[in-house]
Structure formats: structure tokens, C-alpha cells
2 protein chains.
Amino acid sequence: MKTYSITEVAEYFNLTPHTLRYYDKEGLIPFIERTSSGKRVFKESDIESLKIIECLKSSGMPIKEIKHFIEWCAEGDSTLQQRYDMFLERKASVEAQMDELKRTMEVIEHKCLYYKTALDSGTEDVHKNIKVKSSSAQ
Amino acid sequence: MKTYSITEVAEYFNLTPHTLRYYDKEGLIPFIERTSSGKRVFKESDIESLKIIECLKSSGMPIKEIKHFIEWCAEGDSTLQQRYDMFLERKASVEAQMDELKRTMEVIEHKCLYYKTALDSGTEDVHKNIKVKSSSAQ
DNA sequence: TTATTACCTAAAGTTAACTCTAAGTCAAGC
DNA sequence: GCTTGACTTAGAGTTAACTTTAGGTAATAA
């Protein structure tokens, strides 16, 4: 079975070996095997686990909570409900983040147009007649 | 002209007065006026500026960079290009974040289905025959 | 007049997620 | 046999964005 060094895995996930050791210390990858001299040996299944960890991370989940999930995985079928609920929560959280980003995007696109118009006419004053009130950070 | 206290503004933006004072200290709202006794007085235009600040914050922009934008605003038309470029960059950044969230969502939805199926059959083993390899954190 | 309430400052503390440092081990190549 | 490079650990340091603390002022209500 193909295995990987910590540096190979770090490069694959765009992390540093330091960060992977930190994840290990925090209990995110407790199943990693070692060589007789103590070096971490990453198996294919470890890569798959790290993919889930990265997914949870990019959903905004803190490392301590990811650790709980990893512990549930080790506990087996008795934690299936918790894990299901957790992913439903993650789904709701990501949906909320997407909604917020959409609202943010609308303001930003409005500002892009605002500054495009201002640049074309050489001055921000072009907007002064359109808006009723002027403000300091437009 | 209607004005607002720091607590009113904090409630409006779902922040604390502490946080608004911190933003002031960091140079995000240098245009705030004070009463004779030193209390901050927020005008309508300050609220508008804070809306932009909140937008930039939720786009993932660090406070020090938002400060630069606020400084550019004070400098006038000579910084129109910088401000336009900044909003174009913000737009690209938010687009990238949305793409990442979409990819994250796909994995999460897959996991929701995975755990729904496992729960229905009472054991995760139901997936063992479908996948070629098993892994520790599925 | 006193108590309360809302505000103020400066500065220290907190938290998450790294990130770095120092000192050491081990296997491979010259 | 020695050097090099990739790994190891424990623990200290960093950064961002707050958050809290301590001590103080000013206006208002009883």
C-alpha cells in the first residue's frame, strides 16, 4: 500500500509539515502510524480523513469541534446520529455564509460601478447630485 | 440632524460599544465628532461609512487594510483608482470564497446522505460494500 | 445631594490557529 | 566515518480581532 511522508501530505493539502504536526497534537489525526524511528507515515485512508478535516475547516468549524467529530468516528455506530446532526448543522452554516457573501457581493458590485463612474468623470462629485446625502466613506 | 450614541450604533450593527471604540482606535472612523464632554456622536453619514466597513469586513478584509481605504477616502479624487482597484480585488476575493464554499457544500451534502443512509440501516457498514477502500474518518 | 447610568481612556488579557525555535534522531550518500 | 536532509519534540512566539479591567467623568433622576 502506498504511503506518504509528512512533507508530501503537506504539499498535497497546501499546508506545512508544522501545521500537520499541530493537527496531530490537537487530536485531529490520532490514527497516524509511525516508523520504528518515530516518523509519521500517512496512508491513503489518512489522506481521506484529512480531506474531511479540510472540508470541515473551510466550513468554518473550529479545530476543537473537528476533534469531537474525529472522536465520534472512532466510537463507531453509536455516534451516527451526532455525526449526521453535525453535518446538517454544517450545511446550515455554509448556507448562511453563502447568503452573507451574496449580500456582501451586491454592495461591492455597487461600489465597483460607483468608482467606475467616478473614474470616468475624474471626480467623485459626479455622485453628489444623485444621492441626497453625502458621506465620508463612499 | 439626527445623531446616535455609541450604544445605539452598536445595537444597529450587532456590535458592542467596545468594538466600535476599538475600530475608532484602529482608525476606521476618524471622522466621528464628540460632545463637549468627549462622548462620540454618530451622524447618518457615519452609519453609512460603517455599513461599508462592515461590508469590507465580511468580505474578509483585515482591519488594517480597511483603514487604508478610509485614508484614501479622506484624500479625495487622487485615490479613486486605488479605491476602484480595491473593490475589484474584493469582488474577486468574494467570488473565490463563494466557489470554495460551493465545493465545501458538495462534500457536506454528500456526507449528509452518507449518514442518513447509515442511520436508516443502523450501521455505517452499509457503505463498506460500496466503497473500494474504507477509511477512519468517513 | 446622592445615586445611577452611560459614557470615557489606557492597557492588559483572551482565543484560535498557526508558526517558529532549539535541540535532537536517523537513514542515505560520499 | 561524516555530512546532509528530512524528520522528531517541547515549548515559546505571533497575529488578528476583539474583550475585559480598572479607574474616571458627566448628565440626569429621586
Visitor: Compile the donor-acceptor pairs under 3.5 Å between side chains in residues 58-71 of chain A and protein atoms, sequence neighbours left out, one pair per line.
Guide:
unit_1   : atom_1 : unit_2    : atom_2 : d
Ser58(A) : OG     : Glu54(A)  : O      : 3.0
Ser58(A) : OG     : Cys55(A)  : O      : 3.1
Ser58(A) : OG     : Thr104(B) : OG1    : 3.0
Ser59(A) : OG     : Leu56(A)  : O      : 2.7
Ser59(A) : OG     : Arg90(A)  : NH1    : 3.0

Visitor: Please report, rounded to the nearest Å, how far the C1' atom of dT19(C) is from the CD1 atom of Ile6(A).
Guide: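 It works out to 14 Å between those atoms.
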
Visitor: For Lys43(A), give me all partners under side-chain hydrogen bond (donor to acceptor under 3.5 Å, both in side chains), at least two apart in sequence or on another chain.
Guide: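 Listed in chain order: Asp46(A).
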
Visitor: What pairs with Ser121(B) under side-chain hydrogen bond (donor to acceptor under 3.5 Å, both in side chains), at least two apart in sequence or on another chain?
Guide: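 Checked Ser121(B) against side-chain hydrogen bond (donor to acceptor under 3.5 Å, both in side chains); zero matches.
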
Visitor: Mind checking if Ser5(B) touches a base, just sugar-phosphate, or nothing, with heavy atoms under 4.0 Å?
Guide: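 Sugar-phosphate only.
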
Visitor: Run the salt bridge (Lys or Arg N to Asp or Glu O under 4.0 Å) test against Lys102(A) and tell me which residues pass, sequence neighbours left out.
Guide: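 For Lys102(A), no residue satisfies salt bridge (Lys or Arg N to Asp or Glu O under 4.0 Å) once neighbours in sequence are set aside.
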
Visitor: Treat primed atoms plus P, OP1 and OP2 as sugar-phosphate and everything else as base, then score nucleotides 23-29 of chain D 5' to 3': B for base contact with protein heavy atoms under 4.0 Å, S for sugar-phosphate contact only, - for none.
Guide: ---S---

Visitor: Between dA10(C) atom P and Asp24(B) atom CG, what is the distance in whole Å?
Guide: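 Checked: the CG to P distance equals 11 Å.
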
Visitor: Hey, is the main chain of Arg103(B) close enough, under 3.5 Å, to the side chain of Glu106(B) for a donor-acceptor pair?
Guide: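 No; zero donor-acceptor contacts below 3.5 Å.
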
Visitor: For Glu89(A), give me all partners under side chain to side chain contact (heavy atoms under 4.5 Å, CB included), at least two apart in sequence or on another chain.
Guide: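 Applying side chain to side chain contact (heavy atoms under 4.5 Å, CB included) to Glu89(A) gives none.
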
Visitor: How would nucleotides 13-19 of chain D be written as a contact map, 5' to 3', with B for base contact, S for sugar-phosphate-only contact and - for no contact, using protein heavy atoms under 4.0 Å?
Guide: ---SBBB

Visitor: Which residues pass the side-chain hydrogen bond (donor to acceptor under 3.5 Å, both in side chains) test with Glu11(A), not counting sequence neighbours?
Guide: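 Listed in chain order: nothing, the list is empty.
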
Visitor: In residues 20-33 of chain A, what donor-acceptor pairs under 3.5 Å come from side-chain atoms, sequence neighbours left out?
Guide:
unit_1   : atom_1 : unit_2   : atom_2 : d
Tyr23(A) : OH     : Lys57(A) : NZ     : 2.4
Asp24(A) : OD2    : Arg40(A) : NE     : 2.7
Asp24(A) : OD2    : Arg40(A) : NH2    : 3.4

Visitor: Is any side-chain nitrogen or oxygen of Arg21(B) closer than 4.0 Å to OP1 or OP2 of dT20(D)?
Guide: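 So the side-chain polar atoms of Arg21(B) never come under 4.0 Å of the phosphate oxygens OP1 or OP2 of dT20(D).
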
